[in-house]
Amino acid sequence: MSTLAQPLVQGRTSRRLRKWGPVAIVFGIGIALWQWVLPALGIERYLLPPLSDVLQAFWENRSELLRGGWITFKEALGGFVLGCSVAFGSALVLARWRPLGSALMPYMIAANAVPIVAFAPITNAWFGTLSPWSKVVIAAVLCFFPVLVNTLRGLTSVRPESLELMRSYAAPQRVVFARVRIPNSLPFVFSALKIASVLAMIGAVVGDYFGGSTEALGVQIVSSVSLAQYETAWAAILVASFIGIGFYAVVALAERLVLGWHPSIRAGVE
Amino acid sequence: MSSNDAVVTARGISKTFGRGGVTALQDIELEVGRGEFISLIGPSGCGKSTLLRVIGDLVEPSTGEILVNGKTAHRARLDRDYGIVFQSAVLYDWRTVAKNIALPLELMGFDRSTRAARVRELMHLVELEGFDKHYPWQLSGGMQQRVAIARALSFSPALLLMDEPFGALDEMTRERMNLELLRIWSEIGSTVIFVTHSISEAVFLSTRVVVMSARPGRITSVVPIDLPQPRTVETREDARFFELVTEVREALHAGGADAVEPEPEVTA
């Protein structure tokens, strides 16, 4: 048993190494470029400070940055939950009453092309500059369209025979949605949620740029730059990035748990 | 056969798609008795799948009357009087094999233990024991189609509608599935209406073969199949089998059905 298991474990280790080795090497090269090569090329500090200075600035300001990150993340999360739920609900309504859907869809697509962050100063006027709601709303609007469009596609791209089968069971629409359309839409929904998680963070940070509680991460980036504290600004950007990546990873993990049956997931499973 | 024993009675069924469009079915008269195995055969566009869907109340006829179990087709569908199997298995990818089979029972409100018992019986009937926890993608095409058959039989409908269920399978698998279908049919004793464009499949399976022709879709002849039951591998080598295959082929040609698709080549 153990003699059999040994080469198996080795095989797995070498496979992991092959998979993650290149990733680690690229990461190392990136770090080295940032830390040593760019300063050696004479890139000025205000353009891009060396990594070690950024890390030091993070360490010195860690409590403000992490608190700011938490505030901005809460704005992003609020917008994500709000925008995605409204989008999912709207998609259900539009898929259930198709004439309504086809009447509204061109406007949805047109609205999707509007640069939504352009509304950020307006939402401040609506909800007050210091209110987190102005940021939540921007994040929510950014999340809304990709989730709406993808969910609607998932709800409606059901094979005709699947629907005929449900019709042969004399299943009412409620059951067709619960048993066929919604499960069928989930891969589309999760693709959209992954996009939305990133957009929500962008929306919240950009919302901060137009004013907000001085503690919020986006506000800290703006004020650090205006005070020429570029290392701190970069540290705040790193914090925002890590929050964004973490948010995305959580959604991706949820996808993996929910969609165990789906080809895109099982392709990644060994 | 007395008329009140009929599972399906079609009188003067016509179906036109679109305004002044294609006549998919014209003046279809058909009576299917209890326990029969009827094949509908014909070239593409002869309306055989449409006729099956009219019987299942999935397509509404333009004119004519259709009775299933002595009721309107609509009433029969609401009463879940038939099970249906399509060319593709149409399994729900997010459900395990057992849950796919149990789906109609769930919709009909059977409790968990009844469902589990029935699924066990059906898994045995279609010889898929041990695959209950598998997902559809883990099964071969033939196994998926067996799941679809089990699902259609789960609520013991009096009528089984099959729309080219083995059309996507290779010849070897198809012949094995034919034998299995006949075994299941003899065990459960329900009536089967089976759409195919394989002449040998129709002759091998059926008690009667209904030959259709296209443009407009109509029934040109009905060939009774007097091969002895139960049918076995040897049936396909019987001289009578070849006579009947020839008879059906000639009926197809007489109906102007030179466009019958060639049977799939054996690739396995």
Side-chain angles (χ1 to χ4, degrees), chain A residues 88 91-92 95-96 98 150-151 153-194 251-270, chain B residues 49-50 52-60 68 73-97 99-100 102-110 133-139 147-148 151-152 154-155 157 159-165 168:
Chain A
F88 190 78
L92 285 178
R96 176 67 183 82
R98 296 306 299 281
N150 277 287
T151 306
R153 173 169 295 174
L155 290 171
T156 51
S157 65
V158 176
R159 292 166 63 178
E161 285 149 337
S162 282
L163 298 176
E164 283 188 314
L165 192 66
M166 294 311 278
R167 192 171 147 81
S168 82
Y169 302 144
Q173 279 297 324
R174 176 179 49 78
V175 172
V176 175
F177 269 81
R179 304 301 176 103
V180 182
R181 289 192 187 273
I182 292 175
N184 188 72
S185 75
L186 289 181
F188 296 82
V189 172
F190 273 103
S191 300
L193 291 183
K194 286 194 283 189
V251 177
L253 184 69
E255 177 185 43
R256 188 165 274 254
L257 293 177
V258 174
L259 297 183
W261 50 269
H262 193 260
S264 69
I265 302 299
R266 70 186 188 240
V269 176
E270 287 182 69
Chain B
S49 289
T50 306
L52 196 79
R53 281 168 170 73
V54 167
I55 295 167
D57 189 41
L58 301 176
V59 166
E60 203 148 323
V68 176
H74 181 68
R75 186 68 249 165
R77 176 172 66 81
L78 297 186
D79 290 349
R80 287 132 173 174
D81 278 4
Y82 71 86
I84 190 162
V85 179
F86 300 97
Q87 176 164 0
S88 56
V90 199
L91 302 178
Y92 297 118
D93 293 338
W94 48 88
R95 289 180 158 251
T96 59
V97 166
K99 287 200 155 183
N100 264 291
L103 176 67
L105 303 173
E106 274 178 42
L107 298 184
M108 290 173 198
F110 287 92
K133 297 275 195 302
H134 284 61
Y135 281 89
W137 59 271
Q138 294 171 305
L139 306 182
V147 176
R151 179 180 58 188
S154 62
F155 50 102
L159 178 62
L160 186 57
L161 303 178
M162 308 186 86
D163 188 8
E164 296 188 42

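Quick note on labels: first sequence line is chain A, next is B, and so on, each numbered from 1.
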* For the student: nearest non-hydrogen atoms of A:Ser168 and B:Ile84, plus distance -> OG-CG2, 3.7 Å
* Which portion of B:Asp81 sits near chain A, non-hydrogen atoms under 4.5 angstrom -> neither
* To do: Locate the shortest heavy-atom distance separating A:Ser162 from B:Tyr92; write the atom from each residue and the value.
  => O-OH, 3.1 Å
* Asked: More than 12 non-hydrogen atoms from neighbouring residues, nucleotides or ligands closer than 6.0 Å to CZ on A:Arg153, yes or no?
  -> no
* To do: Output the option from B:Tyr135, B:Trp94, B:Phe155 having the highest count of non-hydrogen pairs under 4.5 Å with chain A.
  => B:Trp94
* **Nearest-0.5 Å distance that lies between atom CG in B:Asp93 and atom CG in A:Leu259** => 11.0 Å
* Please flag which part of B:Leu161 lies under 4.5 Å from any non-hydrogen atom of chain A: side chain, backbone, both or neither. => neither
* Taking B:Arg80 for its side chain and A:Tyr169 for its backbone only, find out whether a donor-acceptor pair lies under 3.5 Å. => yes
* To do: May I ask you to name which of B:Ala76, B:Gly56, B:Pro104 has the most heavy-atom pairs under 4.5 Å with chain A?
  => B:Pro104
* **Residue pair B:Ser88 / A:Glu161: nearest heavy atoms and the distance that separates them** => OG-OE1, 3.1 Å
* Asked: If you take all heavy atoms of B:Phe86 and A:Leu165, which pair is closest and at what distance?
  -> CE1-CD1, 4.0 Å
* Structure fact -> If one checks every heavy atom of A:Arg167 against chain B at 4.5 Å, the contacting part turns out to be both
* To do: Taking atom CD of B:Gln138 as the centre, report whether more than 12 heavy atoms of other residues, nucleotides or ligands fall under 6.0 Å from it.
  => yes
* A:Lys194, NZ: over 12 other non-hydrogen atoms inside 6.0 angstrom -> yes
* Asked: Looking at side-chain heavy atoms only, is the closest gap between B:Val90 and A:Glu164 below 4.5 Å?
  -> no
